[in-house]
Amino acid sequence: LNRSMELINYYLGFNQWCTSLLQLNEVLAEDIMNTDLDRDLKEKGLQSRSRYVCELKLSVKEAGHVVGVGSGQFTHRDPLISRELSRKYAVTDAMKNAFTKLALVVLPNGKVAAHCIQPAPPEDTTGEPETDPVEILFQKASDLPVNITRF
């Protein structure tokens, strides 16, 4: 995650992209306390397990946005620590997911462009081989070879 953030800051600048939380929800304790051992430890107050699910939007100027989804779970004796670390892990997981849907294209002449990769459409029934839309876009823009960097 840190490497992805360093790359996007280096190539685009820190003010050309941003993230925003769309949802951060706690999963109910009954859904994650499903074993006898978990129930026994919870009744004795020896542990507190917390789980969060996060939906995050990564926006890049002039390229659009992608949505990342992640979850985080942590077990600790202190319920506050358990909740905070679960939230942190959920947001981190969602950011990792969002960065996998972003491609930076660096042309040999030094120009850089970001492209948000959308989920693959259903299979084409025409039988023609599919080509990467990023490569098509930048081959048209330049006769130079294209290097594509994906996170």
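The first residue of the sequence shown is numbered 1, and numbering continues consecutively from there.
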Q: Any chance you could measure Ile8, atom CD1, to Trp17, atom CH2, to the nearest 0.5 Å?
A: 5.5 Å
**Q.** Leu56 side, atom CG; His65 side, atom NE2 - distance, nearest 0.5 Å
**A.** 11.0 Å
Q | Expected output: side-chain Ser4 to main-chain Phe99 donor-acceptor under 3.5 Å | A | no
Q. Hey, does Ile117 have a side-chain heavy atom less than 4.5 Å from the side chain of Val66?
A. no
Q: Kindly give the heavy-atom pair with the smallest separation between Cys116 and Gly64, and that separation in Å.
A: SG-C, 3.8 Å
Q) Hey, does Met95 have a side-chain heavy atom less than 4.5 Å from the side chain of Leu58? A) no
**Q.** In one Ile/Leu/Val/Met/Phe/Trp/Tyr side-chain cluster, 4.5 Å: Leu1, Val91
**A.** yes
**Q.** Distance, nearest 0.5 Å, that separates CD of Glu55 from CG of Leu24
**A.** 11.0 Å
Q.
Donor-acceptor check, side chain of Ser50 to backbone of Phe74, threshold 3.5 angstrom: yes or no?
A. no
Q. At what distance, to the nearest 0.5 angstrom, does OG of Ser82 lie from CD of Gln73?
A. 8.5 Å
Q) Roughly how far apart are Asn25 CG and Arg87 CZ, rounded to 0.5 Å? A) 11.0 Å
Q. Just by distance, do the side chain of Asn97 and the backbone of Val69 share a donor-acceptor pair under 3.5 Å?
A. yes
**Q.** Connected via hydrophobic side-chain network under 4.5 Å: Leu21 and Met5
**A.** yes
Q) Are Tyr10 and Leu104 co-members of a hydrophobic cluster defined by side-chain heavy atoms under 4.5 Å apart? A) yes
Q: Give the cluster check for Val67 versus Tyr52: same hydrophobic cluster or not, with ILVMFWY residues linked at side-chain heavy-atom distances below 4.5 Å.
A: no
Q.
Rounded to the nearest 0.5 Å, what separates atom CG in Asn15 from atom CG in Asn9?
A. 9.5 Å
